[in-house]
Structures are given as structure tokens and as C-alpha cells.
Amino acid sequence: MSSTDTAKPRPPKGEPPVKRRSPERPGDKIFKGLSFGAAMIILVALAGVAIFLTVEGIPGLGASGGAVAGEANFLVYAGRLVYGTLLAAVIALIVATPLSIGMALVISHYAPRRLATPLGYMIDLLAAVPSVVYGLWGILFFGRFMGDIYVWLEANLGFIPLFSGPAATGGRTILTAGLVLALMVIPIITAICREIFAQTPTLHQEAALALGATRWEMIRYAVFPYAKSGMVSATMLGLGRALGETMAVAMVLSASGTGVMTLNLITTQNPNTIAANIARSFPEATGLSVNVLIASGLVLFLITFAVNFAARAIVARSGKRLNA
Amino acid sequence: MKRSSYRRYLVPGVAALALTLSACGAGNEDSGSDADVPAGTEELSGTLNGAGASSQESVQNVWRANFQGSAPDVTVNYDPVGSGGGREQFIEGGVAFAGSDAYLDDDEGQLTDATERCSGTSPIEIPAYVAPIAIAYNLEGVDDLQLSATTISGIFNNEITTWNDPAIAADNPDAELPSDTINPVYRGDASGTSENFTEYLAAVGEWPHEPSDEWPATGEAATGTSGVIEVVGGTAGSIGYADGAQVEEAGLSTVSVAVGDEFVAPTPEAAGAILTASTPVEGRDEVDLAVDIDHTTTEAGVYPIVLASYLIACQTYEDQEQADLVKGYLSYILSEDGQEAGANDAGAAPLPEDLRSQAADIVDAITVG
Amino acid sequence: MTTLEKNPTPTESDLLPLTGPRLPTYAPALVAVAALALGGVLWLVLGSSVALSAFVAAVVFVVALPSWSRAVEGSRSAVDRLVAALVWVALLFAFVPLVSLLWTLLDKGLPALSPEFFTFSMRSVFGDAQGGIYHALVGTVLITLAATLISVPIGIFTAIYLVEYGAGNRVAKTITFLVDVMTGIPSIVAGLFAYALFVLFFGPGVRMGFGGAVALSILMIPVVVRSTEEMLKLVPDELREAAYALGVPKWRTITKVVLPTSMSGIVTGVTLAIARVIGETAPLLIIAGKTDSVNFNLFDERMATLPVFIYYSYTQPGIPAAPGYERAWGAALVLIAIVMILNVLARLIGKAFAPKTGR
Amino acid sequence: MAKSIDVSDLDIYYGDFLAVQGVNMTIRARAVTAFIGPSGCGKSTFLRSLNRMHEVIPGARVEGKVLVDGQSLYEPGVDPVAVRRQIGMVFQRPNPFPTMSIYDNVLAGNRLNSKKLKKSAADDIVEKSLKGANLWNEVKDRLGKPGMGLSGGQQQRLCIARAIAVEPQVLLMDEPCSALDPISTAAIEDLIHDLKSQYTIVIVTHNMQQAARVSDDTGFFNLKGAGQPGHLVEFNPTEKVFANPDNDSTEAYISGRFG
């Protein structure tokens with residue numbers, strides 16, 4: 001494309017002053033070079049990350065024994081961690097998505113404007129609360145609070161495998177971690193959903209209302225169809241954040257090594273997540289264990305990438321459909 | 001958009017930033033302290049980096065504070081990255097000294113690597129921080145729990161699951177034990193505390209697992225010493241093991257452990273006493289004071305579950321400044337004042353006098369090479 | 001009209017009342033109060049836990065109001081009321097923990113704050129001696145500033161390339177794809193990468209603030225690119241064409257027309273990106289390390305930062321532990337305050353730079 | 001089915017701002033009533049107050065009475081949803097639901113009201129409504145296609161079909177032709193003429209010829225002055241308004257000497 005964009009009328013031959021007449025042209029070239037260079041830096045940086053992860057991670061793929069925390073091989077090791085990572089993220093999403101959509105609706109459609117604006121500000125602020133703060137709160141306050149609930153759950157709903165216990169009275173379970181993650185992604189999903197809801201064309205909303213729709217019917221007929229793809233991608237972005245979150249989980253979750261694969265959400269025996277496992281094990285890791293950890297980082301990278309990519313793809317596809 | 005409006009925001013911003021930066025040093029950083037340190041410390045300057053066991057963090061804080069107090073131009077850093085990380089960084093030359101809960105060995109070739117790092121001379125290893133590993137518990141109405149080694153390993157291996165188990169009752173004839181479930185708490189992250197505790201269990205209890213820095217059995221996992229204390233303190237019926245000084249600080253009840261015919265509480269003195277009762281590791285250079293802790297000792301007044309954490313350094317450094325700093329800092333640690341400060345402010349067991357002077361001599365011989 | 005045949009009872013339709021029976025306007029409030037009262041009874045009289053009582057109250061509210069509405073107003077209104085009740089309850093449920101978080105932070109963090117807390121470092125501080133976060137503040141400011149200086153030009157220029165030059169060609173598509181990939185890099189992986197990179201140049205055990213800035217940049221660049229790209233896309237093509245028609249070269253069109261038009265959005269995006277990375281812990285833990293003393297040099301030695309300070313103050317609180325925890329809460333409060341100030345600043349700057357429309 | 005509307009002393013506010021003041025009129029059943037007047041004089045606002053659509057805008061409220069066949073729209077017990085169900089509306093710009101097909105667009109209102117609609121009944125309604133909107137012949141072969149795929153005029157007629165599918169008694173049209181070309185406009189005007197036999201139609205238009213062509217009664221709205229609320233200047237049969245208006249300013253506006 002460089003030929004088309006920078007193509008400029010050639011100055012007539014043998015007339016040097018003409019060249020001097022257009023001092024902007026070099027500026028154009030430099031500016032384009034700068035912006036292209038910046039884009040290339042991203043390429044190089046990403047290539048660097050990818051090469052680093054692969055080179056350092058590959059030796060870990062064949063590890064066995066102590067380096068993979070006593071698991072049979074890397075696949076089993078990573079599999080358990082992936083299980084925990086996904087479980088925590090799924091819990092987070094199951095809780096966060098409906099709450100976020102509800103909150104976003106309140107802000108965009110239900111609350112009076114005087115309330116909606118500060119609510120919106122607050123959500124934006126909460127989206128920027130550092131994860132280490134969530135971790136601190138989760139461990140010193142929320143976990144203990146949840147501990148009592150787990151005892152109750154075990155006593156009253158223990159017949160459900162999810163709550164069969166024995167309950168972790170300290171509350172540092174995968175469920176607590178999932179709930180803290182949910183809190184962390186709620187502001188993200190809410191903020192995006194709110195934007196999308198607010199962008200729903202008034203025309204369509206009025207069309208529905210003029211047909212005699214109740215507020216909810218209007219939302220269902222005019223807002224949700226329009227916002228569907230955006231809601232999905234918001235959720236996926238939230239999922240991406242939940243998957244990669246490190247410190248909050250590392251601080252809140254009581255998991256040993258690679259954790260256990262269980263659906264029991266309230267015990268002291270918990271699955272572990274990839275990111276938390278890296279943060280927790282990296283300091284004591286030597287030799288091959290480091291490679292194993294980096295390889296697990298590669299796995300996490302691939303998962304989050306897949307999620308992000310899926311989100312973008314959904315948005316792109318529906319964007320095309322709407323414009324068609 | 002007019003240019004002036006950019007400037008309107010830019011100028012005060014830059015000015016504010018410049019002000020902040022020019023304000024410079026922290027309010028407390030120029031104050032000296034009156035700690036007694038070996039002569040010549042005041043002239044030292046530079047940065048000394050150490051890294052390693054988190055168990056040493058609190059005692060290192062005390063030592064660093066006192067040392068920096070009398071050497072204002074020196075900054076000593078100690079990254080509590082963990083023993084493994086500390087040893088690795090030391091071998092790679094990233095730090096001048098390391099703290100490690102286990103002495104160097106050649107299972108992974110680390111002793112050889114360390115010798116190589118120290119220009120071919122044996123690395124110095126000093127058990128500078130010896131502290132009891134206390135078994136903390138949270139059980140209302142029971143203050144002085146006494147347990148034998150077999151019972152402890154039974155509890156932590158999930159064989160003894162309720163507090164009124166006959167085995168516990170036998171050790172505590174006078175206590176009123178409830179029928180609550182025992183919740184054993186362990187370190188979920190790899191740690192020297194787990195390693196030393198499992199060594200003890202394997203040596204004296206009926207413990208089916210190998211000693212390891214990764215906890216082999218089940219229970220509730222917690223991260224770090226503070227995590228264990230947190231969980232034990234917050235969960236009724238739980239029992240866990242953690243650094244004695246911090247357990248005591250947190251106000252948790254501790255178990256007195258059976259040694260011979262008596263039960264010994266986890267005090268620094270009782271823990272320090274084990275160094276004399278233990279045997280040096282064979283085949284080490286004379287600067288390498290690594291010892292094999294004898295957990296089976298029956299000597300009176302010795303607490304058998306201890307964490308012996310080493311300071312690892314070189315005999316020679318290529319850099320004059322580094323050599324001086326290491327020498328100065330370690331000399332202070334091994335001085336009587338340093339030992340006293342460690343005991344008073346961090347709950348570390350003072351080294352037995354003969355060991356201390358031996359170590360001080362070794363450190364005195366650190367040279368530039 | 002044909003409709004008359006289709007509709008069996010046209011007169012009924014004609015008389016379709018506008019004034020169907022409706023619940024009084026105070027109905028939601030009444031039900032809410034009743035539900036809360038029930039929850040209160042459960043909690044205070046029957047001794048249920050707070051959580052259970054609140055849950056019961058919420059369920060009662062969500063069930064009772066629509067049921068009443070169904071009996072009086074019919075099913076469509078009932079569904080409408082059900083959804084309204086649900087979204088408000090969702091708001092409450094999500095806000096209670098968030099408010100609790102902020103409250104806990106204020107409650108535990110405020111006592112730690114004092115002039116000394118901001119001007120002292122932790123050098124030579126142990127036990128309950130007065131220490132402070134000055135060193136961590138300095139580190140956080142310097143590292144974040146450096147990360148911003150790296151990320152913003154790269155990010156904005158990349159966005160310019162994508163929108164103004166690339167516009168759909170294969171290179172631009174690839175870059176867009178890669179930026180998406182980059183948003184997926186877990187922060188800890190960014191830290192590991194920065195560490196590996198700096199070990200290549202400076203040897204093992206390297207710790208420097210600049211490394212942290214590089215790690216943060218990797219997290220920050222995609223955010224800046226994304227937001228800037230969106231903002232540039234919003235600039236109508238008519239503006240660009242108007243500039244071209246005046247004979248303005250492309251790069252001047254970009255710097256004089258496109259960028260100023262979207263400046264408020266870009267500034268907001270950048271500030272939010274800063275707020276996003278200023279709280280990152282994991283990468284700084286690995287590459288910037290930990291120290292107790294003030295360090296102004298980004299390129300030498302360890303540098304303390306607020307998130308790392310919080311993390312270590314919690315995990316290694318020292319003996320006794322209470323002052324350590326207090327400092328952790330205090331620092332967390334300060335960190336959040338910084339993030340919030342940045343957010344508010346972003347909005348103000350956004351407003352200040354926004355093209356004046358005269359409205 | 002059509003109903004007449006009586007408006008008395010109606011004031012419309014946005015927050016504290018009085019937008020329209022003191023409107024009195026009677027809109028006859030089975031007739032077309034047109035509102036004309038300069039921009040910003042409150043025609044659309046007034047129109048939207050007839051089915052309580054103005055309430056969509058936060059802060060909007062009304063004082064005075066609007067009676068539809070004797071039933072007040074602003075009684076405390078009145079459900080705006082029921083009001084809009086019976087008083088349909090067509091907007092300035094065509095706004096078919098972008099995610100729905102032509103078929104679903106027509107049925108959107110019916111689907112809201114009855115849970116189950118038999119396929120045959122639904123087909124009937126779609127055909128009848130599209131025929132009613134003079135669109136059937138153009139779209140009968142592509143009912144499953146998106147409504148957004150139609151031309152602007154077709155989209156607007158689709159919106160009319162959607163509005164009449166729920167069999168309202170009044171149809172409000174807010175400048176329904178302003179976004180359309182002359183041919184589409186003519187089609188809509190024809191349609192309005194046809195619909196008049198069954199519906200009460202109220203239309204806001206900027207086009208005086210259009211008002212003259214389609215309406216039976218015409219109301220002229222104007223501002224009392226800059227910053228003042230809009231008000232109804234004159235309300236009379238269309239022929240009278242255009243031939244011999246009561247008010248001078250009406251005549252000035254119609255003859256283009258306004259201002």
C-alpha cells in the first residue's frame with residue numbers, strides 16, 4: 001500500500017525549486033513510517049512473548065515427577081489446573097452475567113437519571129479497583145463471611161453434590177474465589193452492557209412502546225436483539241479477565257499444588273487455577289519446574305486468547321449482519 | 001482545539017510532577033540509629049541484595065533495620081522469594097547472599113553450582129535463624145494441648161479425625177476434649193516449614209510419606225505462614241504448623257510436643273538447643289556449618305520441630321564493595337547484639353555461643369578474590 | 001373493515017378499558033418494606049444469619065410483587081414487575097459486596113493514614129515502628145509513568161496506522177488480530193517475559209523498575225490501541241475529506257483535524273489504561289522486586305510499588321503482624337484513591353478537550 | 001373502532017420547562033387531523049402526549065386532560081401500555097426492528113399481547129395488515145427477509161402495517177413522510193386516505209400541501225415568542241384553514257410569509 005499512499009505527482013524534471021515547494025511530503029512519509037513502526041513494535045513484542053513462552057515452555061511439556069507436582073505427566077498436571085481455572089471462571093460468569101445485565105438495565109432503563117449517572121460512575125471506578133485489593137478483602141473479610149454460609153449449606157443442602165462438604169469454615173474455597181472473581185468482572189460486563197443498552201436506537205425502543213409493549217417487552221423486543229452480540233462479547237471479555245486473574249485468586253483460594261478435580265464447591269479441598277499456581281509456585285521453583293510453570297502459562301495464554309478471539313468474532317459477525 | 005488549552009493542563013501537571021520528584025528522600029531515611037554494630041560499618045556504602053526463605057523475612061527485617069541504621073549509605077534488600085528462588089538467584093549471581101530453609105546439596109547439583117559461583121571456594125552456610133515450628137490449634141476450652149509424635153502424625157495424616165480421639169485423650173488426661181472434627185491445615189505452597197515438619201514426622205511419628213517441601217497428605221491448604229495462622233485462627237477445630245514466633249504473636253495456642261518423658265513447649269531457647277544436640281553434615285568444608293537436625297533427640301528441654309534456616313554466602317567476592325557489605329552485614333548478624341536483636345524482636349533462637357563465634361570467624365575471613 | 005369479521009366481539013375491543021386495574025404507586029415500596037420486615041424478623045427474632053435473611057427477603061420481594069400484580073393487573077404487567085424487581089435486586093446484590101469492599105477499605109485503611117505514612121519509607125522499619133509508603137508511591141509513579149511513556153506513543157501511532165493508513169489491508173488486519181491476542185496475555189506472563197528479556201541484557205537476578213514498566217506496557221499497549229482506534233473511527237470521514245479538499249496533507253490532517261477531534265476520547269482511554277495497570281501486582285513482583293528504601297533510578301536496583309507493597313505487607317506482615325496488616329490496608333486505600341482520582345481526572349480531561357459544541 | 005379525542009387545557013412540561021401550553025381541541029373519529037407549524041413549536045410533543053409516548057423522555061409530564069371517547073388518559077389508574085396498545089404510532093423515520101424479518105415485524109405487536117398465535121391466524125394478520133398498508137404485493141414473496149432490506153418508503157409502510165396489525169383505534173403519525181421521496185410519499189398519502197375509513201388518524205407534517213391533501217381538520221401550532229412555550233393557534237376544518245383562516249399568523253405561515 002506504500003506505493004499508493006505515498007505516490008505523489010512527480011515534479012517536472014530539471015526544476016529543483018519545485019521539490020522544495022512541498023515540504024509536507026517528507027512529513028507524510030515520516031508520519032506514516034512512525035505509525036507503521038509502532039505497529040511493528042507490537043508485532044515484535046508479541047513475537048517476543050510467544051517465542052519466550054514457547055522456548056521456555058517446551059521443555060516443561062515433557063516433564064514428569066516432581067516438576068509437575070507428582071502428576072503423571074504435563075497433560076494431567078495442566079488438565080487439573082485447566083479444570084480449576086475453568087471452574088472458577090464459570091462460577092464467576094454464572095453469578096456475574098445476570099447481575100451485570102440487571103445492573104446495566106437499571107442504569108440504562110430503570111433508574112431515574114439522577115441515580116443512574118452516579119451509579120454509572122461508581123461502576124467505572126470499581127472496574128479499576130486493583131486485584132490485590134480484591135484479594136485482601138476476599139481473604140480478610142469475605143471468606144470468613146462465606147464460611148458461615150458454607151456451614152449452613154452443608155447442613156441444609158448437603159445432599160446436593162456441590163455442597164456435600166465438609167464445609168470450609170474459613171471460607172477459602174473455589175466458590176469464594178469464583179465469587180470474588182465475579183465481583184471483579186461485574187463492573188467490566190456492566191460497563192460494556194450499559195454502553196450497548198444505551199446505544200440501542202431510540203427509534204426501535206419507541207416503536208416497541210408505541211405498539212403497547214410494557215417496559216420489559218420493549219427491552220426484550222428492541223434492546224436485547226440489538227445488544228445480544230455485545231452482551232455476549234462483554235461476557236467473554238469478563239471471562240477472559242476471570243481466567244487470567246492472578247493475585248486475587250492466589251490470595252483467596254486454599255489449594256494445594258495442582259489442586260483436586262472436584263465439583264464440591266465448599267470444602268477445604270479445592271482445585272487450583274493456572275495463574276494462581278504460577279504466582280504461588282514460581283518463587284520456590286527451580287530448573288524444570290520453571291519450564292513447567294511457563295508451559296502452563298502458555299496454556300492459559302491460549303485459553304484466554306481463544307476466548308477473546310471468540311468474543312471478537314461474534315461481535316464482528318453480528319456487526320456485519322446488522323449493517324447488511 | 002487551540003494549542004493554549006493543551007498548555008493550560010500540561011504546564012501545571014509537569015510542575016506538580018517536578019515538585020514531587022524534587023522532594024526526594026523519605027522523611028525517615030536520614031535518621032541514624034544507635035544499634036551497636038561492628039566497627040567500620042559507618043563507612044560502608046552501596047546496595048546489598050539478598051533473597052530467599054520467607055521464614056527469615058522478619059528477622060532479616062530486624063537485622064537490616066539495625067544495620068542500615070548505623071550505615072546510612074547502605075541499603076540491604078531481602079526478597080522473601082522463597083528458599084528455592086533464593087538459592088537459584090545466589091547461584092546465578094543475582095544476589096550476594098541467600099537465605100535458605102535447607103542447606104545446599106548436590107541432589108540437583110546446587111552445591112557444585114554454588115561452589116562455582118563462589119570462584120571455586122566452598123559456599124559459607126550458617127544456620128543463622130533457628131526457630132521452633134509450632135503446632136498451633138484452635139479449640140475452645142483446651143489450653144495446654146500435649147501430643148506425642150505418633151498422635152501428631154496421625155492427626156496430620158487424617159487417621160485421627162476427632163478431637164476426643166483416645167490417642168489425644170491419652171496424652172491429655174486432664175483436658176475436656178470435644179467431639180469436633182479436626183481440620184488439619186497445611187502449607188499449600190512449597191516451603192521449608194513443610195519440609196522440616198515432615199522430616200520430624202518421618203523421623204519419629206508413624207508417617208507414611210517422604211519428607212518434602214510439598215505437603216503430601218490432605219487437609220486444608222493455606223498459603224504462607226500468615227495464611228496458615230489466618231486459617232487456624234479463623235477456623236474452629238483446626239490445627240496447623242507454622243513459624244513459632246508468628247504463631248505466638250498471633251496469640252494462638254500451641255501444642256507441647258513429647259520429647260523423651262516430658263512435653264516441651266515451642267520456645268526459641270528450646271529450639272536453639274537442638275543445634276547442640278544435632279550432628280554436622282559429613283564431608284563439608286569447615287566454612288559450611290550445615291547440620292542434620294536430630295528430631296529423635298530425647299535430651300531434656302529440647303524442642304524437636306525446628307526450622308533451621310541458613311545464610312548462604314561466598315568466601316570471596318570479585319567486587320570489593322560486595323565483599324565488604326556481605327562481611328559487614330553478616331558480622332553484624334553474628335555479633336552478640338545482632339543475635340540479641342533477632343531473639344528480642346523476631347523470636348529467633350540465639351545461636352549457641354561456640355557456634356556463634358565459629359561462624360563469626362568464618363565471616364571475618366571473607367575476602368575479595 | 002375486514003378486522004370486524006376477524007374480531008368476534010368488536011364491541012368488547014371498543015370498550016377495552018384504558019384504566020385496567022392497577023396496583024397503587026406505592027405497591028413496590030410496600031412489598032419491599034414487608035419483605036425487609038420479614039427478613040428482619042428472621043434475623044433478629046429467629047436468629048437466622050444475615051445472608052439467609054437478606055436472601056429470603058429478596059426472594060419474597062421478587063415473588064410477592066409479581067404475584068400481587070398478576071392477581072390485580074394481569075400476566076403481562078406481572079412479568080414486567082417481575083423483571084423490574086429482579087433487576088433492582090440484582091443491583092442490590094451486586095452492590096452490597098462492592099460497598100462492603102469499599103467500607104472495609106475505609107474502615108481498616110483510614111487509621112493507617114498519617115503525614116508520616118506518606119512521607120516515610122519502610123527503610124529500617126520493623127515491628128510497630130512508624131513506617132510509610134513513600135518509597136512505594138515513588139516507585140509506582142515512576143514505573144507507571146515510564147510505562148505510559150512507552151505505551152502511549154506506540155499505542156496511538158498503531159491506532160493511527162490501523163485507522164488512517166492500514167484501513168482494512170492485510171497488515172492492518174494482522175495487527176488488529178495481534179492486538180486482540182495481546183489483550184489475552186495474562187499479567188503474570190507479561191512479567192515472566194519482561195524478566196526473561198532483561199536477563200538477556202543484564203544477567204540473572206536482574207531487578208529494575210524499568211523492567212516493570214516494560215511488563216506493564218505489554219498490558220497497556222493493547223488497551224490504548226483499542227480505545228484510540230475506536231475514537232479515531234468515530235471521527236466522521238467528512239472532516240477528513242474537508243481537510244483534504246483544502247489541500248492539507250494527510251499527516252497534517254491527522255495531527256490537526258483527526259487527533260484533536262478525538263482527543264478527549266483518547267485521553268480518557270489512556271487514563272483508564274493507566275488506572276488499569278497501576279494496580280498490577282504479579283509482573284512487578286517478578287521484575288521490579290521489593291525494597292524498603294526510596295529508589296529514584298528506574299534503571300538500577302529494586303523498586304517498591306504499591307501493589308507489591310500491599311501483597312508483601314499482607315503475606316509477610318512481620319512480628320507483630322497488626323502494623324503490617326494496617327499498612328497493607330492503608331496502602332490499598334491510597335492505591336484505590338489514586339485510581340479513582342485518575343478516573344475522575346480522565347473524565348474532566350475528556351470534558352476539557354471535548355470539541356465545544358456550544359450546547 | 002375509531003375513537004374521538006378531546007383535549008382540554010393541556011400543558012406539557014420537560015422538567016421545569018413548559019413546552020406546550022393550553023391546548024384545547026377535539027379530534028374527530030374516522031377523520032384525518034393534521035398539525036402544522038414551524039419547527040420546535042411542540043407539534044410532535046403534543047402528538048406524543050396523545051398516547052403517552054412523551055413519557056419515554058425523562059422528566060416529561062403533563063397537566064390537563066386528554067379524553068379518548070370520554071376516558072381520561074392521565075387518570076392515576078391508567079396504564080400507559082394499554083394506552084399505546086390502542087393508540088398506535090408511526091414515526092418520522094422508518095424504524096422496523098433490525099433483527100426481525102418482515103413477517104415478524106408485522107406481528108411484533110400481536111406477539112406481545114397473546115402468548116400463542118396460531119400459524120394460520122398469524123398469516124392472516126400479516127396479510128391483512130400488509131394489504132392494509134399497501135405493501136402486500138411488494139413483499140409477499142420475501143416475508144422472511146429482514147425488514148431493513150426494504151426501501152425507505154416500504155419500510156415506513158411496514159411500520160404502518162405493524163401499527164395497524166394490533167388494531168388500534170387511533171393512529172398517530174409523526175412526520176411519516178419527511179424521510180421519504182415523493183413517490184413513496186404519495187403512496188403513504190394514499191394509504192392514509194384509505195385508512196381514514198377505519199381509524200382516527202392524527203398526522204404531524206411540515207408539508208402544508210400534504211396537510212391540505214390528506215387532512216379533514218388542521219391545527220396550527222406556533223411559538224408565542226423565542227423561549228416561550230408552543231401553543232395551538234388555530235384549529236379548524238382544513239378547507240377553512242387553508243382558504244380563510246381565522247388567525248393572521250396562520251395565514252402568514254400558510255402563505256409562506258412567516259417570520
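A, B, ... follow the sequence lines: proteins, then strands. Residue 1 opens every chain.
Using a 4.5 Å cut-off between heavy atoms, C/Val99 touches chain A through its side chain atoms alone. For C/Leu192, the parts lying under 4.5 angstrom from a heavy atom of chain A are both the backbone and the side chain. For a residue to count as touching a neighbouring chain, one of its non-hydrogen atoms must lie under 4.5 Å from one of that chain's; by this rule C/Val225 touches chain A with the side chain only. With a 4.5 Å cut-off on non-hydrogen atoms, C/Leu102 touches chain A through its side chain but not through its backbone. Residue contact with chain A, scored on non-hydrogen atoms closer than 4.5 Å, is absent for C/Leu342. Contact annotation for C/Ile221: only side-chain heavy atoms (C-beta onward) come within less than 4.5 Å of a heavy atom of chain A. Contacts of A/Ile186 with chain C are made by side-chain atoms alone, with heavy-atom separations under 4.5 Å and no backbone atom involved. Proximity to chain A (any heavy atom under 4.5 Å) is restricted, for C/Leu105, to the side chain, taken from C-beta onward. In this structure, the portion of C/Ile175 lying under 4.5 Å from any heavy atom of chain A is its side chain and not its backbone. For a residue to count as touching a neighbouring chain, one of its non-hydrogen atoms must lie under 4.5 Å from one of that chain's; by this rule C/Ser217 does not touch chain A. Of the atoms belonging to A/Leu53, it is side-chain heavy atoms, and not backbone ones, that fall under 4.5 Å from chain C. Residue C/Ile254 touches chain A through its side chain alone, counting heavy-atom pairs closer than 4.5 Å.
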- Task: Using the ring-ring contact (aromatic ring centres under 6.0 Å, His included) rule, take A/Phe305 and C/Phe177 through it: C-alpha gap first, then chi angles, then the decisive distance, then the call.
- Result: CA-CA 10 Å; A/Phe305 166 61; C/Phe177 175 80; 5.6 Å; yes

- C/Val171/C/Tyr161 under side chain to side chain contact (heavy atoms under 4.5 Å, CB included): CA gap, chis, key distance, verdict: CA-CA 10 Å; C/Val171 180; C/Tyr161 179 78; 3.7 Å; yes

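Side-chain contact between C/Val224 and C/Ile156 is present, with heavy atoms from C-beta onward closer than 4.5 Å. Counting heavy atoms from C-beta on, the side chains of C/Leu259 and C/Ile160 come closer than 4.5 Å. A/Thr304 places none of its side-chain heavy atoms less than 4.5 Å from the side chain of A/Leu239. C/Asp107 is not listed as a side-chain neighbour of C/Trp329, based on a closest heavy-atom distance of 4.5 Å or more. Within the 4.5 Å cutoff, the side chain of A/Val95 has no heavy atoms near those of the C/Phe93 side chain.
Ranked by non-hydrogen atom pairs under 4.5 Å with chain C, the options A/Ala111, A/Pro187, A/Gly37 are led by A/Ala111. Taking chain C as the reference chain and counting heavy-atom pairs below 4.5 Å, the highest number among A/Ile101, A/Ile294, A/Leu119 is found for A/Leu119. Among A/Ile123, A/Val129, A/Leu136, A/Ile41, the residue making the largest number of heavy-atom pairs under 4.5 Å with chain C is A/Leu136. In terms of non-hydrogen atom pairs under 4.5 Å with chain C, the most contact-rich of A/Ser131, A/Pro98, A/Gly48, A/Gly240 is A/Gly48. Between chain C and the options A/Leu105, A/Leu237, A/Leu300, A/Val49, heavy-atom pairs under 4.5 Å are most frequent for A/Val49. Highest contact tally toward chain C, considering only A/Gly244, A/Pro130, A/Gly135, is held by A/Pro130 [criterion: heavy-atom pairs under 4.5 Å].
Relative orientation of the A/Trp216 and A/Phe224 rings is perpendicular, given thresholds of 30° and 60° on the angle between their planes.
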